[in-house]
Chemist: 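Below you will find the structure I want to go over with you.
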Amino acid sequence: MNERLVRVSVAVPLYAQFDYLVPQAQKIAAGSRVRVPFGVGHVIGVVTAIDVTADCPTDKLKRIDAVLDSAPLLSADHLAFMRWVASYYHHPPGEVLFAALPLRLRKSENALKVGEAAWQLTEAGLAQAPESLRRAPRQAEILVWMAEQADAAAPKSLLKTALPNSDSVLRALHAKSWLREIDLPPRADKALSRPRGLALNPAQRRALDAVDADFGSFQVSLLDGVTGSGKTEVYLQLTVSALAKDRSVLILVPEISLTPQLFQRFRARLGDTVRVQHSGLSDNEREQVWQRIRLGLSRVLLGTRSAIFNPVPDLGLVIVDEEHDPSFKQTEGFRYSARDLAIVRAKRAACPVVLGSATPSLESLRNVDAGRYRHLRLDERAGGALSPAVDLLNIRGQPLSCGLSEPLLKKIGSTLANGEQVMVFLNRRGYAPVLSCFSCGWVSDCPSCDARQTLHRASGVLWCHHCGAQRRVPSRCLDCGADDLHPLGQGTEQLEDFLAERFADVPLIRIDRDATARKGSLQRQLERLNEPGPALLVGTQMLAKGHHFPRVTLVGVVDADGGLFSADFRATERMAQLLVQVAGRAGRGDRPGHVLIQTRYPDHPLLLTLVREGYRAFAQQALRERAAASMPPYSHQALLRADARHMEDAERFLDQVAAWASEGARQGVEIWGPVPAPMARRAGRHRAHLLFQSPRRDRLHALLDGLPAYAAGLSNVRRIRWALDVDPIDLY
Ligand code: ADP
Ligand code: ZN
Ligand code: ZN
């Protein structure tokens, strides 16, 4: 036979892979991209195996159109990892595999060159005697300098720094054909040769030594360190260690655009070998970073959750900063947890993985208790800053101005008068969560969701934060026509207006998704905080994310009660983490910090434990409650979501799956539902779900293995959309 068979994954929502014929003479390897005929058109696919045995007669098979990459982009090991991911999350393998490619390579056939654009002297250029160029001294200077370079060539970027302002001269030399443009082969970034680190304190030293000793083998460490305890310094020095062993390092962070300081610290310490991957880069820039990391030319990749799928070679260390952060979980489409996958990757690479947090997730603490993770603790702030004092402020029955009580306002005033900075935290963006008519009781319901539309006064819209629907703020009530519309409750926009008026001469910065939507604006705003003198910061949970504001000494939490009575069993954990993280922004410099938390439930046991005994005590208590109720992390869950135009369709589909799941040998898996989702209508679709839970992961997954095929075969499946969420972190 003079043709071979290859198996190809394409990015479609199907669980199958597809076989194609390739001429025997064609060079092809697993991990390369190909163009293949598919359906009525042609698509890009990735070869996952070669010389396979076809499932159907080979005369039915089509031929590939072309091999797009001369060398495979993904290693056999990485293909195996991605295959494992697809099977664990029970997601179509093609869609999963394409997550390993940068966006541009999913759509465009030609990969960008990784080489560096450079100038090189031509023979004519080399033959010029500089003396003959007396009247063009800059041209002479460049000719002499270029002639001294290896191969008489230099990257354009290097020329920019070595011979500044030489662009027009270079163009002139090019016009005379004395210079030509070439691509130099890519160069590996050099790590800075002697990165200077801080002298570690004993707790940091113990953590560093412990992980240092793990290099070359798999071990999970939970770096459980209060905010400001020097976790980042430990990451930096561990990264130096891994680089010294010529290994690559993968660092996952919740959000990069919010914390450019972290990237700057890594760059300052380690140089260009640190590359960052985030949504702010252009597609071309992302592909360049991806290629440099893949080829080992750059050794440190700092990225958000999707960076977990980068084919980082010679992985020597994985770090997950703020491991408790929910943003590591992808909650749409291909749902995965980058934190959990970081552990799987480290295990496959036989390298240590460090999960860092001031407020570790209950899952990770449970793994510490079970002896699976090593517990490394940093209990004190590095650099001598004290932990802030935390007090609850009872606001039950108190008069409030824009949600703020008199004692909090007084304290804000006195702190500002002292020339110090204040942060006020309210986890609700917009001006007010509801607009209401006081004449007839109309409220700003979203037409397509079981939710209210938030008033955004500055942009003049009512905006649903769930489906994105917007409409102009009406001037009169839509029901009764009365001129009696009023905002109810507060958002950050309103708080900003209020505080700006009250403390008119103090600079005020608002930080939330609306205020920071413009690129770079956050960075510019934050720079103002480095100037001496008082300042006010108002914001949502964005404020809590890892910023270092050394001059903030007072943090006010406007409303702590949201998470206390939620139906979601994870709400209290989230709230405790958020409160501790926000509180951690206070007093990171040389003056002590103070945190005031407003609540109507100052006797709530959770708040009391948190404030009096701290996060650890809270976590132990919460874990006991979870154990008693057999909730995660003491059991494993998967959520089957379905939505449809009519609720009956979604529920009938889930009923059928539930009946199938409870048949036969499915012991050890509980099936709950179907029930309507907590938000039963969203974007005009009716939503319901079915929850599977088991103390044994293998039992749960044995059931899930057959689910997609069964669901796809149901007769009414076309009327619904369904998705499986393995290890869900919320039920919405
Ligand atoms: P975390 O990541 O735990 O919030 P960082 O690593 O950002 O903590 O450290 C907090 C502050 O303490 C930073 O300003 C950092 O430079 C400083 N710091 C960290 N480790 C040390 C040390 N060993 N000696 C002195 N200062 C330190
Ligand atoms: Zn009305
Ligand atoms: Zn809506």
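In this chain, residues are counted from 1 in sequence order. When a ligand or atom number is given, it counts from 1 through the structure's own listing order. Just so you know, these numbers come straight off a predicted model, no measurement behind them.
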Chemist: Answer yes when Glu363 and Arg570 have at least one side-chain N-carboxylate O distance shorter than 4.0 Å, and no when they do not.
Modeler: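 Salt bridge flag = yes for Arg570 with Glu363.
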Chemist: Taking 2.8 Å as the limit, list every protein N, O or S atom around the Zn ion (ligand 2), by chain and residue number.
Modeler: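 Near the Zn ion (ligand 2), the protein supplies Cys437 SG, Cys440 SG, Cys477 SG, Cys480 SG.
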Chemist: How about Arg267: does its CZ atom have over 12 heavy atoms from other parts shown lying under 6.0 Å from it?
Modeler: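 Yes.
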Chemist: Take the Zn ion (ligand 3) as the vertex and measure to SG of Cys449 and SG of Cys467; round to 10°.
Modeler: 100°
Chemist: What I want to find out is whether Arg275 reaches Asp189 closely enough, with some N-O distance under 4.0 Å, to be called a salt bridge.
Modeler: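 Judged by the 4.0 Å cut-off on N to carboxylate O distance, Arg275 and Asp189 do form a salt bridge.
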Chemist: Taking only residues two or more places apart in sequence, or in another chain, which ones meet Arg377 in a side-chain contact (heavy atoms from CB on, under 4.5 Å)?
Modeler: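 Residues passing side-chain contact (heavy atoms from CB on, under 4.5 Å) with Arg377: Asp224, His375, Asp379, Arg616.
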Chemist: Any salt bridge linking Arg641 with Asp725? Criterion: basic side-chain nitrogen under 4.0 Å from a carboxylate oxygen.
Modeler: yes
Chemist: Going by the atom numbers of ligand 1, which of them fall below 4.0 Å from some non-hydrogen atom of Gly230?
Modeler: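 Those of ligand 1 that fall under 4.0 Å from Gly230 are 1 (P), 3 (O), 5 (P), 6 (O), 8 (O), 9 (O), 19 (C).
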Chemist: Please work out, at 4.0 Å between heavy atoms, whether the side chain, the backbone, both, or neither of Arg265 comes within that distance of ligand 1.
Modeler: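 Answer for Arg265: side chain.
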Chemist: Parallel, tilted or perpendicular: which describes the rings of His465 and Trp463, with under 30° parallel and over 60° perpendicular?
Modeler: perpendicular
Chemist: Hey, looking at atom 2 (O) of ligand 1, which of Thr232, Leu262, Val226 has the closest heavy atom?
Modeler: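 Looking at heavy atoms only, the winner is Thr232.
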Chemist: Heavy-atom pairs closer than 4.0 Å: do any link ligand 1 to the side chain of Ala199, the backbone, both, or neither?
Modeler: backbone
Chemist: Could you check whether any side-chain N or O of Gln204 sits under 3.5 Å from a backbone N or O of Gly230, counting only pairs where one atom can act as donor and the other as acceptor?
Modeler: yes
Chemist: Do Leu198 and ligand 1 have an N or O pair less than 3.5 Å apart?
Modeler: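 Among all N and O atoms of Leu198, none is under 3.5 Å from an N or O of ligand 1.
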Chemist: Does any non-hydrogen side-chain atom of Val443 lie less than 4.5 Å from one of Arg452?
Modeler: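 Answer yes - side chains close enough.
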Chemist: At the 4.0 Å heavy-atom cut-off, does Gly225 count as touching ligand 1?
Modeler: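 No.
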Chemist: Have a look at the Zn ion (ligand 3) and estimate, to 10 degrees, the angle subtended by SG (Cys446) and SG (Cys464).
Modeler: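 The two atoms form an angle at the metal of about 110°.
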Chemist: Is the Phe618 to Tyr615 ring centre distance short of 6.0 Å?
Modeler: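 Yes.
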Chemist: Looking at Phe328, does the NZ or CZ of Arg339 lie under 6.0 angstrom from its six-membered ring centre and within 45 degrees of the ring axis?
Modeler: no
Chemist: Which of the numbered atoms in ligand 1 are under 4.0 angstrom from any heavy atom belonging to Asn201?
Modeler: 23 (N)
Chemist: Is there at least one pair of N or O atoms, one from Gln204 and one from ligand 1, spaced under 3.5 Å apart?
Modeler: yes
Chemist: State whether Asp450 and Arg687 are salt-bridged, where the test is any N-O pair (Lys NZ or Arg NE/NH1/NH2 against Asp/Glu carboxylate O) under 4.0 Å.
Modeler: no
